Amino acid sequence: MRRAVVVTLGAPVAADVDAIRRRLDPGMAARIEPHLTLIHDVVDHDQVEPLVGAAAEATAPFTVRLTGAAHWGRPIHGIYLVVDDPAGHTAALHGRLAELEDPAWSRGSFRPHVTVVHGRTVTADAAHAAWLALDGFHAGWDVVVDAIDVLELVEPRWRLVGRVPLTGRDEG
C-alpha cells in the first residue's frame, strides 16, 4: 500500500492547477487532486498519525505562492510549479515529517512543488510538448496551507485517508 503526505490545494487555485493538469496530463488529473507534495512515499505507516499530528500541532497556518514552471532535470521526469516560501514554512513542515520518507526520495534535497505533469502518466513526447507549453509560465497564485492530508493509493486513484488541521501558533 502506497501512502503520501500532501497539502491538498483549495479553491480557486486547485481549479487553476487542475485546468493545466487536465490539458497536459489528464492521466494524473484523474488519479489525484491538485496538491503540494510533502512526503512522496511513506515507509512507516505506523508513524504517520503521530508524526503528522505533531507536525500539525507545531505549525501555524501559512501562505505560499505558486510561481514559475520547472522540471526535474528533463520534462519526462516531471514538470511542476515552484512554491515560493521565503519564510521556509514548507521546508520546516517537511523536516518534521522527513523520517516518513522512502530513502529513494530523501537522497535529494526537498524542493516544495506542485506537480502538473508526471513522468509516470505521460510519454516523453507529451512531457516535451507540455514543457513547451509551460516554459515561461508564471502562476502568481497564493495558497493557504492550513492542513496536512494523508493519501493512500487505491488503484487507480489516490484517496484521502485523513486530514489534520494546522493548529500551531504563529510566533511572528
Side-chain angles (χ1 to χ4, degrees), residues 2-14 16-18 20-21 28 32-75 77-120 131 134 137-153 158 160-172:
R2 278 193 64 205
R3 284 197 173 167
V5 181
V6 305
V7 173
T8 302
L9 302 182
V13 174
D16 294 332
V17 169
D18 218 30
I20 295 169
R21 293 173 354 130
M28 183 180 61
I32 192 166
E33 298 300 318
H35 64 279
L36 186 161
T37 303
L38 294 171
I39 301 296
H40 292 89
D41 199 357
V42 171
V43 291
D44 188 346
H45 294 189
D46 293 335
Q47 288 301 308
V48 171
E49 188 174 327
L51 285 177
V52 167
E57 286 178 11
T59 306
F62 60 93
T63 301
V64 297
R65 178 167 278 212
L66 302 184
T67 60
H71 54 76
W72 306 103
R74 297 182 330 172
H77 296 146
I79 301 170
Y80 60 93
L81 297 179
V82 174
V83 175
D84 182 25
D85 181 10
H89 296 300
T90 309
L93 187 55
H94 173 265
R96 290 182 177 110
L97 300 167
E99 69 185 81
L100 293 172
E101 187 70 87
D102 182 310
W105 288 104
S106 61
R107 285 187 203 123
S109 61
F110 174 71
R111 187 179 317 166
H113 66 281
V114 172
T115 303
V116 291
V117 176
H118 201 293
R120 290 185 184 136
W131 179 247
L134 290 172
F137 175 77
H138 184 85
W141 300 325
D142 288 337
V143 173
V144 175
V145 177
D146 59 5
I148 303 169
D149 290 342
V150 178
L151 306 180
E152 183 175 277
L153 181 59
W158 289 86
L160 181 66
V161 173
R163 173 170 287 153
V164 182
L166 301 184
T167 58
R169 287 187 285 173
D170 185 356
E171 302 300 326

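A quick note: this is a predicted structure, and the numbers were derived from the prediction, not measured. Basis for what follows: all heavy atoms, side chains included, without hydrogens, waters or symmetry-related copies.
Atoms CG and CG, from Leu97 and Leu51 in turn, are 6.5 Å apart once rounded to the nearest 0.5 Å. Here the CD1 atom belonging to Ile39 is positioned 12.5 Å from the CG atom belonging to Leu151, to the nearest 0.5 angstrom. The CD1 atom of Ile20 lies 10.5 Å from the CD1 atom of Ile79; values are rounded to the nearest 0.5 Å. Within the model, atoms CG of Asp85 and OG1 of Thr90 stand 3.5 Å from one another, a figure rounded to the nearest 0.5 Å. Arg96 CZ to Glu57 CD: the interatomic distance, rounded to the nearest 0.5 Å, is 11.0 Å. One finds the CD1 atom of Ile148 at 11.0 Å from the OG1 atom of Thr8 (value rounded to the nearest 0.5 Å).
Using a distance-only test at 3.5 Å, with no hydrogens or angles considered, a donor-acceptor pair links the side chain of His35 to the main chain of Glu33. With hydrogens and angles ignored, the 3.5 Å screen pairs no side-chain donor or acceptor of Asp44 with any backbone N or O of Leu100. Between the Arg21 side chain and the Ile32 main chain, a donor and an acceptor come within less than 3.5 Å of each other. Proximity of a side-chain donor or acceptor of His77 to a complementary backbone N or O of Trp72 within less than 3.5 Å is detected.
Proximity of Val161 to Val48: side-chain heavy atoms (C-beta onward) are nowhere separated by under 4.5 Å. The side-chain heavy atoms of Arg111 and Tyr80, taken from C-beta on, include a pair separated by under 4.5 Å. Within the 4.5 Å cutoff, the side chain of Phe62 has heavy atoms near those of the Leu166 side chain. Under the 4.5 Å side-chain criterion, counting only non-hydrogen atoms from C-beta, Val42 is not in contact with Gln47.
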Check your understanding: Stepwise, does the side chain to side chain contact (heavy atoms under 4.5 Å, CB included) test hold for Val6 with Leu38?
Key -> CA-CA 5 Å; Val6 305; Leu38 294 171; 5.8 Å; no
Practice item. For Val150 and Arg3, run side chain to side chain contact (heavy atoms under 4.5 Å, CB included): C-alpha distance rounded to whole Å, both residues' side-chain angles, the deciding distance at 0.1 Å, then the answer. Key: CA-CA 7 Å; Val150 178; Arg3 284 197 173 167; 4.1 Å; yes
Exercise for review: Evaluate the side chain to side chain contact (heavy atoms under 4.5 Å, CB included) criterion for residues Leu66 and Val143: first the C-alpha distance (whole Å), next the side-chain angles of each, then the deciding distance (0.1 Å), finally the verdict.
Suggested key: CA-CA 7 Å; Leu66 302 184; Val143 173; 3.8 Å; yes
**Study point:** Derivation of the side chain to side chain contact (heavy atoms under 4.5 Å, CB included) call for His89 and Val145
**Key:** CA-CA 10 Å; His89 296 300; Val145 177; over 6 Å; no
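Counting non-hydrogen atoms of other residues, nucleotides and ligands closer than 6.0 Å to CD of Glu99 gives a total of 12 or fewer.
Here the two rings, on His40 and His113, have centers that are under 6.0 Å apart.
With sequence neighbours excluded, the residues satisfying salt bridge (Lys or Arg N to Asp or Glu O under 4.0 Å) with Arg65 are Asp142.
Side-chain contact annotation: Asp84 with Thr67, donor-acceptor N/O pair under 3.5 Å absent.
Nearest heavy atom pair, residue Ala14 against residue Pro34, reads O-CG, 3.5 Å. Here the closest heavy-atom approach between residue Trp131 and residue Pro75 is recorded as CB-CG, 3.6 Å. Taking each heavy atom of Pro61 and Gly168 in turn, the nearest pair found is CD-O, 4.0 Å.
Each of Leu81, Val83, Asp149 was evaluated against Leu36; a single residue qualifies, Val83, per the side-chain contact (heavy atoms from CB on, under 4.5 Å) test.
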